[in-house]
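Naming convention: chains lettered A, B, ... in sequence-line order (proteins, then strands); numbering from 1 in each chain.
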Protein chains: 2
Amino acid sequence: MDVPLSISEVSELLGITAHTARYYERAGLLTIDRSQSGHRIYDRKTVERLDFLVRMRTSGMGISELSRYVDLVRDGDSTTEERLQIMLAQRERIRTQIRELERALDTTEYKIATYGGAPTTSTTSSAIDHEPEGTSS
Amino acid sequence: MDVPLSISEVSELLGITAHTARYYERAGLLTIDRSQSGHRIYDRKTVERLDFLVRMRTSGMGISELSRYVDLVRDGDSTTEERLQIMLAQRERIRTQIRELERALDTTEYKIATYGGAPTTSTTSSAIDHEPEGTSS
DNA sequence: CCTTGACTTCGAGTGCACTCACAGTCGTAG
DNA sequence: CTACGACTGTGAGTGCACTCGAAGTCAAGG
């Protein structure tokens with residue numbers, strides 16, 4: 001269980017395209033070893049790095065900020081304070097997103113109940129349907 | 001408590017810019033009444049519609065799909081089945097996003113603990129630090 | 001009367017993150 | 001020996017959702 005993977009294998013594993021994996025490398029987010037023939041070889045450690053990058057991206061961190069973070073890691077222990085700040089900001093972003101998504105989920109569930117629960121009851125669709133809760137800030 | 005709002009008031013209330021509110025209208029997602037002088041007037045119902053649109057957008061529904069949904073609502077009761085399908089798909093998207101965000105949150109918390117908990121312990125940063133969990137599919 | 005500020009329309013511009021095209025290379029299967 | 005499929009680098013293109021700019025209108029204050 002430590003067989004190096006090809007770019008197509010690793011991209012499928014992580015749910016991205018091979019194009020995207022190459023793009024991240026071009027953007028300086030990580031470097032990947034090559035085989036004798038020039039093909040990228042992803043070992044366990046490299047896969048984990050890429051997985052981390054994908055997680056940060058899918059949770060809303062931009063490429064430029066991620067790039068900054070990667071540079072800080074390369075620069076060593078003196079940069080941990082700024083790295084901490086980046087991760088604290090990222091945590092807040094994620095928490096905010098989760099809160100928004102849960103609100104949107106409530107709204108969506110309500111719509112589903114309206115459409116799925118009532119078998120064509122009519123007297124609907126006056127607006128974009130009626131909303132469950134008022135619009136409080 | 002049913003005073004109509006201006007575009008600047010409603011956009012601040014909903015956390016978007018006035019530009020974006022106008023853009024949604026231009027995209028056909030909703031229509032807004034005008035005052036005698038031509039300014040947009042948002043009443044309670046209109047604010048709720050816009051709030052719904054914003055929630056769907058922030059949870060990943062694209063403008064074109066949202067536009068389709070709005071058209072279906074306009075077309076009346078015969079379209080509830082397709083509207084249900086759209087909302088079911090939306091629910092799945094949201095659930096997937098929440099799952100991904102929670103994974104990203106775990107990763108972020110781990111980094112914070114590493115930087116915040118360990119006061120410059122050294123012997124770190126061999127990769128982009130060590131990951132808490134293995135990369136399982 | 002004149003300025004100020006918030007609004008109007010509408011075409012055009014921006015930023016981001018991919019995503020693609022193309023020409024070339026490599027290793028194995030037939 | 002040659003065809004195939006998966007890979008390579010890199011410049012250019014795409015799609016989306018805003019975001020801006022410019023010119024104009026309007027109501028109220030000094």
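- Checked for salt-bridge contact, B/E65 and B/R93 meet the test: a charged N lies under 4.0 Å from a carboxylate O.
- With rounding to whole Å, A/Q36 atom CD is found 12 Å from C/dG27 atom C1'.
- Checking C/dA17, C/dG11, C/dT19 against every side-chain atom of A/I63, the shortest atom distance belongs to C/dA17.
- Atom CG of B/L66 and atom CE of B/M56 lie 8.0 Å apart (nearest 0.5 Å).
- In terms of phosphate contacts, A/S6 brings a side-chain nitrogen or oxygen within less than 4.0 Å of OP1 or OP2 of D/dC7.
- Checking A/I41 against B/T17, the closest nucleotide of DNA chain D that is more toward the 5' end is the one next to A/I41.
- Here B/T46 contributes atom OG1 and B/R40 contributes atom CZ; the two are 12.0 Å apart, rounded to the nearest 0.5 Å.
- Summarising the geometry, the separation between NE2 on A/H39 and P on D/dG5 is reported as 15 Å, rounded to the nearest angstrom.
- A sub-4.0 Å separation between OP1 or OP2 of C/dC7 and a side-chain N or O of B/S8 is present.
- We find that CE of B/M61 is positioned 12 Å from P of D/dA17, with the value rounded to whole Å.
- Atom OH of B/Y23 is separated from atom C1' of C/dC7 by 21 Å (rounded to the nearest Å).
- End-to-end axis angle of the helix from C/dC1-D/dG30 to C/dG30-D/dC1, using five pairs per end and rounding to 10°, comes to 10°.
- In this structure, the NE2 atom of A/H19 is 12 Å from the C1' atom of D/dC7, given to the nearest Å.
- Looking at A/E100 and B/R55, no side-chain N of the basic residue comes within less than 4.0 Å of a carboxylate O on the acidic one, giving no salt bridge.
- As rounded to whole Å, 11 Å separates atom P of C/dC18 from atom CG of A/L53.
- For A/R26, whose side chain is taken as the heavy atoms from C-beta onward, the closest listed nucleotide among C/dA17, D/dT10, C/dA6 is D/dT10.
- Computed from coordinates, the B/L66 CG to D/dC18 P distance equals 10 Å when rounded to whole Å.
- Across all strands, A/R22 comes closer than 4.0 Å to base atoms (heavy-atom distances).
- Rounded to an integer number of Å, the gap from CZ of A/R40 to C1' of C/dC26 is 15 Å.
- Among the nucleotides D/dC7, C/dC10, C/dC7, the one closest to the side chain of A/I7 is D/dC7.
- Out of C/dC7, C/dC20, C/dT8, the shortest distance to the side chain of B/R34 is found at C/dT8.
- Both tests hold for B/K111 against A/F52: distance to the six-membered ring centre under 6.0 Å, angle to the ring axis within 45°.
- No more than 12 heavy atoms of other residues, nucleotides or ligands lie within 6.0 Å of CZ in A/R68, so this atom counts as exposed by the packing criterion.
- Across all their heavy atoms, A/T79 and A/L72 have their closest contact at OG1-O, 2.7 Å.
- Closest to the B/S37 side chain, of the nucleotides D/dA27, C/dC7, C/dT19, is D/dA27.
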